[in-house]
Amino acid sequence: MRARLVITFTLVAVTATLAVATIGYELAKSALVTRTETTALDLVTRELSSITFPIGTLRPGEAAPTHRELEVLAHALSGPGRTVLVEYRGTVASEGPLTLTDVPNELYGRANQSLVTQRVIVHDELYLLVGAEVYRDEEGVSEATGLRAFAFFPLRDDEAQLATLRTTLARTGVVIVLIALGVALLSARQVLLPVRRLSAAAQALGQGRLDTRLPVHGKDELAELTSQFNDAAAALELSVAELRSLEAMSRRFVADVSHELRTPLTSMTAVADMLSEEASRLPQAPAEAVRLVLKEIERLRELVEHLIEVSRFDAGTATLNLEPVTVADAIEDCLKTRGWTDQVTVQASQGLTENLDPRRFDVIVANLVGNALKHGAPPIVVSARATENGLEVKVRDHGEGIAPEALPHVFDRFYKAGAGRTRSQGSGLGLAIAKANVQLHGGTISVRRQEPGALFTVWLPHA
């Protein structure tokens, strides 16, 4: 922006300077040329009007003036710095270095009609040429004599004046442009300094320093903008403080409720175990009710465990306890603990070892495999391999797959693809917890459709 301001200001100054200089030069040139032509015409007119005719009457039939007489006349018409040619019916007398051949044919032809002028270049020098035929007044009648006079007025002085004017205008233009450039730099600094401060302050707000404020100087538009920025920052700070307070209260509520639910859940689980043992001896209807209660208690226990895990991530208390882990054994143990060994195929080398948090890696694998078992179809394959930069784990099922519109939301909390899954299948937190554990390791997790099924890919960097 600074460069654009300076360039624009300088271009405007250069354009204005060129326009003023050009107009001034053309006006001065026109005035100088007009003055020179007027002076020359007045001089020639005055000289010609003062001619007497001692050289004959210049009437037809009378003796023509001699060359000597023409020379005397040319000398009478000449003056300092100018050349005069006098011509009478082919006889030419010259007072100066120029000849009749230096007179353009057009001007020579027009000279018998009126007083004419033309600028000509002769021997690389500019002249103002004035041509006229000499008339004689007799008894109130003006009569042409056939005598023509041509006066060459050198314009070297005028050219020198114009050259001096051009030099002066050029130097003045350079000075004006330099002054304009300095003013542009100063103005750009004065304009952009508050803008830079606003930019730095906005960046500070973006980095979380919500107490950032700027001093307000003056009463112009930038001062008003700075004041509005301060007001917006204050309002943002207040809103964020309120949101953080509400978020903290929400997290505490979830954590407290989850922990409080553990005690009754423990008792309910103990009673459920007793009921489970007696269910086989109960009538069919009570037995079905007992099994439904046991299923819902298990769902409730899973939901509470997930909520407690989520509350740890939200509170920032989740930590990693890294240790060398044999990946194949860790996956087998995860499946065996949950009774999934017969339903899942594992493809991993026994020599594959990685520094991981065993508990969190178990949670990742369990949530992905559990999701595949609940919503996919066999065969379910878990594969692991070492890459150049870390560990890659893939979980593939062969079910109906995930709808394209659901793919961007798979890892969102409480998101369940399909209307039929909102009640009975899972808490909607498993994949979100898996993603949080992957990110805690510094890794990534993704999902894409397969034909058939879905493929989840986890990448964990070397620790």
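Predicted, not measured: the structure shown is a model, and the values here were computed from it. Excluded from the calculations below are hydrogen atoms, water molecules and symmetry mates; all remaining heavy atoms, backbone and side chain alike, are included.
Checking side-chain atoms of Thr168 against main-chain N and O of Thr164 turns up a donor-acceptor pair under 3.5 Å. Although no hydrogens or angles enter the test, the distance criterion places no donor-acceptor pair under 3.5 Å between the side chain of Asp397 and the main chain of Gly376. Side-chain atoms of Arg385 never come within 3.5 Å of backbone atoms of Ser349 as a donor-acceptor pair (strictly under, hydrogens ignored). For His398 (side chain) and Ala377 (main-chain N/O), no donor-acceptor pair under 3.5 Å exists by modelled atom type. Proximity of a side-chain donor or acceptor of Thr387 to a complementary backbone N or O of Gly390 within less than 3.5 Å is detected.
Residues passing the side chain to side chain contact (heavy atoms under 4.5 Å, CB included) test with Asn355, sequence neighbours excluded: Pro324, Ala463. Residues that satisfy the side chain to side chain contact (heavy atoms under 4.5 Å, CB included) test with Ala200, not counting sequence neighbours, are absent from this structure. With sequence neighbours excluded, the residues forming a salt bridge (charged side-chain N to carboxylate O under 4.0 Å, His left out) with Glu125 are Arg156, listed by chain and number. Applying the ring-ring contact (aromatic ring centres under 6.0 Å, His included) criterion to Phe150, with sequence neighbours excluded, gives Tyr108. For Val183, the side chain to side chain contact (heavy atoms under 4.5 Å, CB included) partners at least two apart in sequence or on another chain are Phe9, Ile179, Ser187. For Asp102, the side chain to side chain donor-acceptor pair (under 3.5 Å) criterion is met by no residue, not counting sequence neighbours. Considering only residues two or more places apart in sequence or on other chains, His462 meets the ring-ring contact (aromatic ring centres under 6.0 Å, His included) condition with none of them. Judged as a salt bridge (charged side-chain N to carboxylate O under 4.0 Å, His left out), and not counting sequence neighbours, Asp158 has no contacts. Shown here are the side chain to side chain contact (heavy atoms under 4.5 Å, CB included) partners of Glu405, two or more places apart in sequence or in another chain: Ala403.
Within the 4.5 Å cutoff, no side-chain heavy atoms of Glu354 are placed close to those of Val325. Between Leu214 and Phe229 the shortest side-chain heavy-atom distance falls below 4.5 Å. Side-chain contact between Arg119 and Leu126 is present, with heavy atoms from C-beta onward closer than 4.5 Å. Side-chain contact between Val438 and Trp459 is absent, with no heavy-atom pair separated by less than 4.5 Å. In this structure, Val346 and Glu332 have side chains that are in contact, with non-hydrogen atoms separated by less than 4.5 Å. For the pair Leu129/Thr117, no side-chain contact is recorded, criterion being any heavy-atom separation below 4.5 Å from C-beta on.
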Q) Can you list the steps and then say if Asp362 with Arg338 is a salt bridge (charged side-chain N to carboxylate O under 4.0 Å, His left out)? A) CA-CA 11 Å; Asp362 178 82; Arg338 293 163 178 83; 2.8 Å; yes

Margin query: Between Val382 and Lys394, does the side chain to side chain contact (heavy atoms under 4.5 Å, CB included) criterion hold? Intermediate values first, please.
Written below: CA-CA 6 Å; Val382 179; Lys394 294 183 177 181; over 6 Å; no

Determine whether Phe153 and Thr83 satisfy the following criterion, side chain to side chain contact (heavy atoms under 4.5 Å, CB included), listing intermediate values before the conclusion.
CA-CA 7 Å; Phe153 293 86; Thr83 297; over 6 Å; no

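Between atom CG of residue Leu356 and atom CG of residue Leu391 there is a gap of 6.0 Å, rounded to the nearest 0.5 Å. Atom CD1 of Ile380 is separated from atom CG of Leu373 by 4.5 Å, given to the nearest 0.5 angstrom. Expressed to the nearest 0.5 Å, how far CG of Leu431 lies from NE2 of His409 amounts to 14.0 Å.
Closest non-hydrogen pair, Leu98 versus Leu85, comes out as O-CD2, 3.3 Å. Residues Leu320 and Leu440 share a closest heavy-atom pair of CD1-O, 3.1 Å. Here the closest non-hydrogen pair linking Val103 and Phe152 is CG2-CZ, 3.7 Å. The shortest heavy-atom contact between Ala434 and Ile364 is O-CG1, 3.9 Å. Thr226 and Pro215 make their closest contact through CG2-O, 3.7 Å (heavy atoms, listed as atom of the first residue, atom of the second, distance). Considering every non-hydrogen atom in both Ile331 and Ala384, the closest pair reads CD1-CB, 4.2 Å.
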Output a table of donor-acceptor pairs, distance under 3.5 Å, between side-chain atoms of residues 20-35 and any protein atom two or more places apart or on a different chain; print 'none' if there are none.
residue	atom	partner	partner atom	Å
Thr22	OG1	Leu18	O	2.6
Tyr25	OH	Arg166	NH1	2.6
Thr34	OG1	Ser30	O	2.7

Tell me which donor-acceptor pairs under 3.5 Å the side chains of residues 441-458 have, and how far apart each pair is, sequence neighbours excluded?
residue	atom	partner	partner atom	Å
His441	ND1	Asn437	O	2.9
His441	NE2	Asp357	N	3.3
Arg449	NH1	Ile402	O	2.5

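The side chain to side chain donor-acceptor pair (under 3.5 Å) analysis of residues 205-214, with sequence neighbours excluded, yields the pairs Gln207-Arg209, Arg213-Glu237.
Annotation for Asn105: atom CG does not count as buried by contact number, only 12 or fewer foreign heavy atoms lying within 6.0 Å.
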